[in-house]
Amino acid sequence: GTVSWYGHMSRRDVRTGDTVMPGEQVGLVGNTGHSFGSHLHIEIHPNGGDNPIDPYPWLVRKGLLS
């Protein structure tokens, strides 16, 4: 149910609607659009909703960051 959005990527390895597991590579960090250097923009949308949450605590809860 959770939807993640990624921006400024130089390459995408998955397509819209694909199911991915924690730790799976979805693409490469890039410098596209209106940005000032290579970085990853990530949004986490619980239950596919319109209101993104702060991704850091979500990533910690999922064991992807410490």
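In this chain, numbering begins with 1 at the start of the sequence shown. The shown structure was predicted, so the numbers you read here are calculated from the model rather than taken from an experiment.
Without hydrogens or angle criteria, S10 side chain to V29 main chain gives a donor-acceptor distance under 3.5 Å.
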Output side-chain donor-acceptor pairs under 3.5 Å for residues 37-48, partner residues at least two apart or in another chain, one line each.
unit_1, atom_1, unit_2, atom_2, d
H39, ND1, G37, O, 2.8
H41, NE2, E43, OE2, 3.1
E43, OE1, H45, NE2, 2.9
H45, ND1, G49, O, 2.9

Compile the donor-acceptor pairs under 3.5 Å between side chains in residues 53-65 and protein atoms, sequence neighbours left out, one pair per line.
unit_1, atom_1, unit_2, atom_2, d
D54, OD1, Y56, N, 3.1
Y56, OH, S66, O, 3.3

Show me the donor-acceptor pairs within less than 3.5 Å that the side chains of residues 17-26 make with the rest of the protein, sequence neighbours left out.
unit_1, atom_1, unit_2, atom_2, d
D18, OD2, R15, N, 2.8
E24, OE1, M21, N, 3.1
Q25, NE2, D13, OD2, 2.9

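Hydrophobic cluster membership for V3: W5 (Ile, Leu, Val, Met, Phe, Trp, Tyr linked by side-chain heavy atoms under 4.5 Å, directly or transitively).
Here M9 contributes atom CE and L28 contributes atom CG; the two are 7.0 Å apart, rounded to the nearest 0.5 Å.
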